[in-house]
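The next block holds one structure in the form of structure tokens; read it before the comments.
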Amino acid sequence: MITAHELHLFFTPTRDELQWAADATDGDEHLLALLLMLKSYQRMGCFPALEDVPEQVVVREAAGGAAGGHAAAVPG
């Protein structure tokens with residue numbers, strides 16, 4: 001289980017990361033996937049399969065909690 005503090009500390013992208021990811025993608029689904037991979041790599045040192053990213057991280061990002069309020073579809 002990941003605490004709310006850990007979610008904020010490790011999975012909240014910076015403004016620069018958000019801008020970079022938005023510039024590098026062409027839609028919310030890709031933005032979400034890129035941010036998930038970026039923050040996962042920073043935390044774990046590897047790129048996990050999307051299905052291995054904890055659900056609470058995906059849900060938080062998809063709801064806009066870490067993406068500056070930009071809701072994105074959960075990649076399937």
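Since the structure is predicted, the reported quantities are computational estimates derived from the model, not experimental observations. Basis for what follows: all heavy atoms, side chains included, without hydrogens, waters or symmetry-related copies.
- Heavy-atom contacts from other residues, nucleotides or ligands closer than 6.0 Å to CD of Glu55 number 12 or fewer.
- Here the straight-line distance linking atom CG of Leu18 with atom CG of Leu35 works out to 6.0 Å at 0.5 Å rounding.
- The closest side-chain heavy-atom distance from Trp20 to Pro13 is not below 4.5 Å.
- We find the CD-CZ distance between Gln19 and Arg15 to be 11.5 Å, quoted to the nearest 0.5 Å.
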Carefully, step by step, assess Leu50 and Met37 under the rule side chain to side chain contact (heavy atoms under 4.5 Å, CB included). CA-CA 8 Å; Leu50 283 175; Met37 291 298 99; 3.3 Å; yes
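- Ile2 CD1 to Leu7 CG: the interatomic distance, rounded to the nearest 0.5 Å, is 5.5 Å.
- Evaluation of the side-chain contact (heavy atoms from CB on, under 4.5 Å) rule for Asp52 yields Pro48, Ala49 as partners, not counting sequence neighbours.
- For the atom pair Leu9 CG and Arg43 CZ, the distance stands at 7.5 Å (nearest 0.5 Å).
- Here the CG atom belonging to Leu34 is positioned 10.5 Å from the CD atom belonging to Glu61, to the nearest 0.5 angstrom.
- For the atom pair CG of Leu38 and CD of Glu17, the computed distance is 4.5 Å after rounding to the nearest 0.5 Å.
- You'll find the side chain of Glu6 stays beyond 4.5 Å of the side chain of Val57, heavy atoms only.
- The shortest side-chain heavy-atom distance between Leu32 and Thr25 does not fall under the 4.5 Å cut-off.
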